[in-house]
Amino acid sequence: MPDFERGTVEANGLEFHYLAAGVGPLALCLHGFPDSPWTYRHLLPELARAGYRAVAPFNRGFAPTELPADRHHVHSSTMVADALALGEALAGGQEAVLIAHDWGAVAAWGAAGRRPELWAHCVILNIPPFAIFGENIVTYDQIKRSFYFWYFQLQHVVEASISADDFAFIDRIWGDWSPGYDASEDLPLVKECIRDPRHLQAALGYYWGQFDPTRFGSPEWADEQLAAWGSHNLQAPTLYLHGTNDGCHGMTAEQVARVPDHCGPGSESELIDGVGHFMLVERPREINERIVGFLQRVAPTPEVRAAAGT
């Protein structure tokens, strides 16, 4: 396991712990569930070599980041506020990059849309803009994939069920979302972030905050989510990547091709054959090359130009 710099930063009322590497403009890397910043362990050194200060926080509720006062309700607007506060606290500026996956992607769509001056470029993985997300969430195939949205609402039983047999439920989720990938190196790191029942509650709070069955799908819910992370197209050039084997959220080639319509000039998207939800660890060399290559193509910083020898 790489030996990263460890640090803390105060943002949006919490002390966030993070992994970091490199010096230069900020590259803020946000993870999702069930995950940890260690999923960026292959990308962080490459970003550092490309001239960035790459920082991957442990998200709100994920140990060792401080527990929030309300660990039963983490709304998408709170995720967006966390991303904005982290960008500011970590001295992001005109050359900063926002890289995000899963719930982190939800935060990124909102944060980059709401405060475009904070981010020069974005890289977003596996969760599309709200408009396309909304198309998918009502389809039969996606409802099957998203069974856990509703299962997680069973608050009297779900915590014990997920943590049973050393979080075997999480093993199965990773197996479904990235079929064929050996996650034995990743899973202990993920479980360590939620092993404390209070942190598990906070991680589930993302689902309790979004998918309350008494509200989910209502016009009020849709307006609320739109305001949080779907009301603004991004101004920054953005790279969007999705895998054909993603067992979490399915996307057609046509949908992936439409993602740049929601992003700034110079944006790109790609549906990558044979890769699943956790693409950063499934095929790290290939995904890293796509991400760093994109950053080198779109208005590269002096540090990136120097690293590329141009």
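Because only heavy atoms are used, hydrogens play no part in the values below, and waters and symmetry mates are left out as well, while side chains stay in. Here the structure is a predicted model, which means the values were calculated and not measured.
His249 and His277 have their aromatic ring centers separated by at least 6.0 angstrom. Under the 6.0 Å cut-off for aromatic ring centres, Phe62 and His17 do not qualify, their centroids lying 6.0 Å or more apart. Aromatic rings from Phe216 and Trp221 are positioned such that their centres are separated by under 6.0 Å. When ring centroids are compared, Trp208 and His72 come within the 6.0 Å threshold. A ring-centre distance under 6.0 Å is found for Trp174 and Phe278.
Leu67 and Phe58 end up in different hydrophobic clusters when Ile, Leu, Val, Met, Phe, Trp and Tyr side chains are linked at under 4.5 Å.
When side chains are defined from C-beta on, Ser178 does not count as touching Asp246, because their heavy atoms never get closer than 4.5 Å. Put simply, the side chain of Val97 does not reach to within 4.5 Å of the side chain of Phe294, judged on heavy atoms. The side-chain heavy atoms of Phe133 and Trp229, taken from C-beta on, include a pair separated by under 4.5 Å. In this structure, the side chains of Val281 and Glu185 stay at 4.5 Å or more apart for every pair of heavy atoms. Arg283 places none of its side-chain heavy atoms less than 4.5 Å from the side chain of Arg285.
Side-chain contact, Ser161 with Tyr151: a donor N or O sits under 3.5 Å from an acceptor N or O. Between the side chains of Asn136 and Gln255, at least one donor N or O sits under 3.5 Å from an acceptor N or O. Inspection of the Asp82 and Asn12 side chains reveals an N or O donor paired with an N or O acceptor under 3.5 Å. For the residue pair Ser184 and Asp182, a side-chain donor N or O sits within less than 3.5 Å of a side-chain acceptor on the partner. In this structure, a donor-acceptor pair under 3.5 Å is present between the side chains of Tyr240 and His242.
The pair Arg215-Glu220 fails the salt-bridge criterion, with no side-chain N (NZ, NE, NH1 or NH2) lying under 4.0 Å from an Asp/Glu carboxylate O. Taking a cutoff of 4.0 Å between a charged side-chain nitrogen and a carboxylate oxygen, Asp166 and Arg195 qualify as a salt bridge. Between Arg60 and Glu66 there is no salt bridge, since no side-chain N of the basic residue sits under 4.0 Å from a carboxylate O of the acidic one. No salt bridge links Arg53 with Glu95; every basic N to acidic carboxylate O contact stays at or beyond 4.0 Å.
Environment of CZ in Arg198: sparse, with no more than 12 heavy atoms of neighbouring residues, nucleotides or ligands closer than 6.0 Å.
The aromatic rings of Tyr207 and Phe33 lie perpendicular to each other, with more than 60° between the two planes, well past the 30° mark. Using cut-offs of 30° and 60° on the angle between ring planes, the pair Phe169 and Phe152 is tilted.
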Query raised in the report: Could you go step by step and tell me if Arg41 and Asp186 meet the salt bridge (charged side-chain N to carboxylate O under 4.0 Å, His left out) rule?
Result: CA-CA 10 Å; Arg41 66 185 178 274; Asp186 304 270; 2.9 Å; yes
